[in-house]
Amino acid sequence: MISIKNLTYGYYKNNKKYLLYNNFSADFNIGLTALTGASGSGKSTLISLIMGLAKPFEGEIIFNKNIKQVDFGYISQESELIPQLTAFENVYWKALLCFNENLAEKKSYDILEKCGIKDFKNKTDNLSGGEKQRVALARALVNDPFIIIGDEITAHLDKESTLVIINLLQELAVNKIIIIASHDSEVIKSCKNIIKI
Ligand code: ADP
Ligand code: MG
């Protein structure tokens, strides 16, 4: 479980303090959780805090797991693929950080298949927004992380591709903490838990 306790956080602009969170608490358990709220409400900021990229002004973010098990798979809003690599290679290089070559190749092909990427696995820089998003998802999933965090990951997908991704995430959520920041109603209605900020 990830437990956020009495979080206070914001930013300073022209010497003035703006709070995005004021004494905010929430728990993220195993399963699929939608993190929802209007644009600018602080969804991406909360993701940065959970991943340790920003520090709370006040309050705590607690993982009740051994640090060895706190591994993240993160999918950003902009996919951030390496444009010189093919779809397959973008996933495979990440797998190589975790597995030997044979296993890395097998894991990459398995996840490419699940994410519906096989047909364009050899494409490089001419990927559409939706294709990039699916490759970024496969890259995040290939080493089977315990915590998966996605930021607006279905923003560039049509309804059919969105459902493929949601079904996959639901399957994975049986034994993982999955947090998806989204205001896509398809995503929100398929999540077991909804946290609104
Ligand atoms: P969301 O992901 O829900 O759309 P964000 O977490 O990206 O929201 O941002 C929340 C709000 O805080 C936005 O309006 C953003 O412009 C503002 N913000 C966050 N950090 C800063 C900062 N360092 N300086 C100015 N504005 C910031
Ligand atoms: Mg955002």
Side-chain angles (χ1 to χ4, degrees), residues 1-29 31-63 70-83 90 115 127-141 145 147-159 161-166 168-170 172-173 176-197:
M1 184 171 82
I2 303 171
S3 211
I4 298 177
K5 290 188 174 151
N6 308 108
L7 170 71
T8 299
Y9 186 76
Y11 55 92
Y12 291 90
K13 207 170 167 180
N14 303 326
N15 289 325
K16 202 167 171 264
K17 188 174 173 179
Y18 296 88
L19 288 185
L20 289 168
Y21 292 94
N22 193 1
N23 212 22
F24 172 83
S25 298
D27 290 334
F28 295 91
N29 290 298
L32 187 54
T33 301
L35 181 63
T36 181
S39 179
S41 59
K43 301 182 292 297
S44 299
T45 303
L46 190 64
I47 287 175
S48 298
L49 286 157
I50 292 172
M51 295 200 308
L53 301 175
K55 285 211 173 95
F57 292 168
E58 304 284 344
E60 295 176 317
I61 298 174
I62 297 165
F63 296 81
V70 181
D71 52 346
F72 289 105
Y74 170 64
I75 311 120
S76 80
Q77 211 159 344
E78 283 84 26
S79 305
E80 285 160 8
L81 302 180
I82 299 173
N90 263 286
C115 294
L127 293 164
S128 73
E131 287 172 341
K132 281 185 194 161
Q133 203 56 278
R134 278 184 275 167
V135 176
L137 178 69
R139 181 180 59 185
L141 298 180
I147 301 165
I148 297 164
I149 303 187
D151 199 349
E152 309 277 5
I153 58 170
T154 59
H156 303 289
L157 300 181
D158 55 35
K159 192 171 169 185
S161 311
T162 298
L163 292 175
V164 170
I165 298 292
I166 292 171
L168 174 60
L169 291 175
Q170 275 173 334
L172 294 168
K176 291 178 190 298
I177 296 175
I178 306 186
I179 304 168
I180 304 295
S182 182
H183 44 242
D184 181 337
S185 58
E186 274 320 311
V187 175
I188 294 166
K189 77 180 181 211
S190 59
C191 287
K192 196 175 82 177
N193 315 297
I194 297 167
I195 293 180
K196 192 166 186 317
I197 52 174

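Computed from heavy atoms alone, side chains included, the values below leave out hydrogens, waters and symmetry copies. Read the numbers this way: they start at 1 and go in the same order the structure lists the ligands and their atoms. This structure is a prediction, so every number in the text was calculated from the model and none was measured. We're numbering straight along the sequence, starting at 1.
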Test side-chain contact (heavy atoms from CB on, under 4.5 Å) applied to Ile2 and Asp27, step by step: CA-CA 6 Å; Ile2 303 171; Asp27 290 334; over 6 Å; no

Verify atom 16 (O) of ligand 1: protein non-hydrogen atom under 4.0 angstrom away: no

Name of the residue among Gln133, Glu80, Arg139 meeting side-chain contact (heavy atoms from CB on, under 4.5 Å) with Ile75: Gln133

Gap between atom CD of Glu58 and atom CG of Leu7 - 0.5 Å precision: 10.0 Å

Contact partition for Ala181 relative to ligand 1, non-hydrogen atoms under 4.0 Å: neither

Those atoms of ligand 1 less than 4.0 Å from some heavy atom in Ala38: 3 (O)

Centroid-centroid under 6.0 Å between Tyr18 and Tyr11 rings: yes

Ligand 1 atoms in contact with Ser39 (distance to a heavy atom under 4.0 Å): 4 (O)

Residue pair Asp151 / Ser76, side-chain donor-acceptor N/O under 3.5 Å: no

Min heavy-atom dist Gly42 to ligand 1 below 4.0 Å: yes

Identity and distance of the protein heavy atom lying nearest atom 4 (O) of ligand 1: Gly40 N, 2.7 Å

Atoms in ligand 1 flagged as close to Lys43, the criterion being non-hydrogen separation under 4.0 Å: 1 (P), 2 (O), 3 (O), 4 (O), 6 (O), 8 (O)

Any N/O pair Tyr12/ligand 1 closer than 3.5 Å: no

Leu20 and ligand 1 - part of the residue with a heavy-atom distance under 4.0 Å: side chain

Heavy-atom nearest neighbour of atom 27 (C) of ligand 1 within options Tyr18, Tyr21, Tyr11: Tyr11

Approximate separation, where rounding is to 0.5 Å, of Ser25 OG and Lys5 NZ: 8.5 Å

Of the listed options Asp151, Thr45, Leu35, Leu46, closest to atom 6 (O) of ligand 1 (non-hydrogen atoms): Thr45

Distance (rounded to the nearest 0.5 Å) between Lys176 NZ and Asp71 CG: 7.5 Å

Rounded distance (nearest 0.5 Å) linking atom OG1 of Thr154 with atom CG of Leu163: 10.0 Å

Residue, atom name and distance, where the atom is the protein heavy atom closest to atom 7 (O) of ligand 1: Ser44 CB, 3.7 Å

side-chain contact (heavy atoms from CB on, under 4.5 Å) partner of Thr36, the single match among Ile180, Ile188, Ile197: Ile188

Any N, O or S atom of Ser44 closer than 2.8 Å to the Mg ion (ligand 2): yes

